[in-house]
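The structure under discussion appears below in the form of structure tokens.
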Amino acid sequence: MTSVHGDLDTHDTGAAMFAPEAFGLGDAEAELIAQARRFGARVLAPRAAEHDRDATFPIENFRDMHGEGLLAICIPKDDGGRGAGFRTYCLAAAELGRYCGSTALSFNMHVCSTLWSGALSDDLDMSAADRAAHLDRRRRHYRRILDEGAVYSQPFSEGGAAAAGGVAFGTEARPTAGGFIVNGKKIFASLSGAADYYGVLCTERGEGEAASRRNTLYLAIPANAPGAEVVGDWDPLGMRATVSRTLVFKDVFVPEDAMLMPRGVYFQAATRWPHMFLTLSPTYMGLAQAAYDFAIRYLRGEMPGTPPVKRRMFPTKQIAVAEMHVTLEQTKALWFQAISEARANPRKEQVLRAYAAQFTVMENANALAAKAIRTCGGQAMLKSLALERIYRDSRCGSLMLPWTAEICLDRIGREALYEAGETDD
Ligand SMILES: Cc1cc2nc3c(=O)[nH]c(=O)nc-3n(C[C@H](O)[C@H](O)[C@H](O)COP(=O)(O)OP(=O)(O)OC[C@H]3O[C@@H](n4cnc5c(N)ncnc54)[C@H](O)[C@@H]3O)c2cc1C
């Protein structure tokens with residue numbers, strides 16, 4: 001039986017978060033997103049609890065995503081991939097996030113290696129020679145994903161001001177014959193010990209040269225490269241299955257063809273394609289939907305693993321659900337607009353909207369999970385049910401650099417009140 005909640009009440013696939021006809025999605029786009037939703041419900045959901053409990057990385061999900069063609073979602077079609085653009089990727093990733101936050105978040109780290117080197121780089125300026133070399137290098141990197149199911153991660157954070165964009169990365173690449181020698185440390189590196197390649201952001205720095213953000217390099221370092229080591233433990237509140245331990249690089253030789261973007265292009269992307277940092281939000285958009293879905297099923301007495309007790313007839317529950325619905329629709333509308341207008345050289349108003357969307361998704365995902373627990377009651381927060389994990393996972397969203405909730409507010413406030421170059425002197 002299908003109801004206004006789509007197929008939610010008969011099985012566990014859930015209706016599309018963004019109905020194709022309502023949001024004007026193309027057929028191919030809608031099908032890819034639907035594939036992600038079916039995959040999430042069938043494959044990710046049953047495995048999520050165990051990996052969360054044990055804080056183990058769900059590598060089998062990535063092997064299965066390879067079989068589904070999802071590891072290649074953002075590899076350009078000309079290079080043998082699925083050719084998803086920014087919005088399509090975000091919508092598909094949100095569907096995965098509904099079923100396993102940790103997998104969706106780790107998947108994002110992998111996909112960025114293809115999205116940033118692919119569609120984003122195509123929008124940016126390079127000399128003809130750099131473009132030709134880049135196309136050749138990225139093709140080799142894509143073949144590893146397409147043929148071998150190689151998985152990439154994205155160690156970016158260092159525990160200092162670099163990840164927020166304030167200063168150059170402290171991890172450094174010293175030019176040497178045929179490549180670079182990399183030294184440094186990355187914290188919170190999701191997929192540590194599981195990825196085949198670490199997509200490391202670092203600063204190229206020659207002898208006597210000052211460190212500069214302009215010289216940021218994006219290098220694919222093989223996980224088994226001599227001198228690369230995973231250290232420390234991982235026992236966090238949420239997103240436990242991302243296994244985001246610390247990576248240490250000590251005199252690691254990296255060949256020049258490990259560059260995922262040519263020199264200068266990461267810096268150009270960070271300034272001219274700012275929505276590149278919005279890609280952490282789809283996971284949490286999915287978690288927001290998951291919290292709402294849970295409340296509906298639970299209050300209808302249809303949650304598997306719980307007695308078929310209905311709680312929907314109480315006016316207080318109905319008001320709480322109405323408030324959750326309003327919050328969810330507000331979040332979806334703003335986020336959909338922001339991901340739809342992602343492009344090179346966005347207008348100031350579009351950048352402020354992207355910050356507002358990131359802030360809204362990250363804060364509202366956790367607010368919805370908290371409200372779902374309060375509304376559904378004590379039995380709903382038992383670890384045998386997904387809501388408890390959704391609550392903990394969603395708490396992590398607003399902490400994620402470079403666009404934490406605080407940094408988003410900081411930038412919106414400043415940029416709304418000051419035009420570029422304006423001071424009060
Ligand atoms: C589950 C999970 C997975 C992650 N996976 C990855 C990953 O794969 N790769 C990766 O690189 N990172 C990853 N991160 C790391 C993440 O981006 C942060 O670096 C991490 O949360 C550590 O932040 P911190 O406490 O060191 O932040 P700090 O730099 O100590 O900042 C603390 C807070 O101060 C505020 N703040 C910082 N700088 C400024 C500023 N300039 N202006 C205003 N406010 C500021 C921010 O709100 C920030 O939250 C992950 C984080 C989580 C929670």
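Only this structure's heavy atoms are used, side chains among them; waters, hydrogens and symmetry mates stay out. Along the sequence shown, residues are numbered consecutively beginning with 1.
Side-chain N/O atoms of Arg144 and Tyr197 include a donor and acceptor closer than 3.5 Å. Looking at Arg395 and Ser398, their side chains do bring a donor and an acceptor atom within 3.5 Å of each other. Side chains of His325 and Gln330: a donor-acceptor N/O pair is absent below 3.5 angstrom, by distance only. A donor-acceptor contact closer than 3.5 angstrom links the side chains of Thr88 and Glu29.
Taking the six-membered ring for Trp and the full ring otherwise, the centers of Phe62 and Phe57 sit less than 6.0 Å from each other.
With sequence neighbours excluded, the residues that form a side-chain hydrogen bond (donor to acceptor under 3.5 Å, both in side chains) with Asn61 are Arg47, Thr103. Partners of Tyr218 under the ring pair (Phe, Tyr, Trp, His ring centres under 6.0 Å) rule, at least two apart in sequence or in another chain, are Trp116. Partners of Asn108 under the side-chain hydrogen bond (donor to acceptor under 3.5 Å, both in side chains) rule, at least two apart in sequence or in another chain, are Tyr89, Thr279.
Considering all non-hydrogen atoms of both residues, Asp125 and Val265 come closest at O-CG2, 4.4 Å. Looking at every heavy atom in both residues, Ala94 comes nearest to Trp335 through CB-CH2, 3.9 Å. Across every non-hydrogen atom of Val151 and His110, the tightest pair is CA-ND1, 3.6 Å. Among all heavy-atom pairs drawn from Pro255 and Phe253, the shortest one is N-CE2, 3.8 Å. A pairwise comparison of heavy atoms in Leu278 and Ala354 identifies CD1-O, 3.8 Å as the closest pair. Across every non-hydrogen atom of Ser121 and His134, the tightest pair is CB-NE2, 3.6 Å.
The residue from Leu71, Ile73, Val43 that alone fulfils the side chain to side chain contact (heavy atoms under 4.5 Å, CB included) condition with Met65 is Leu71.
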One pair to check against side chain to side chain donor-acceptor pair (under 3.5 Å): Glu158 and Thr171. What are the steps and the verdict? CA-CA 8 Å; Glu158 297 182 337; Thr171 301; 2.7 Å; yes
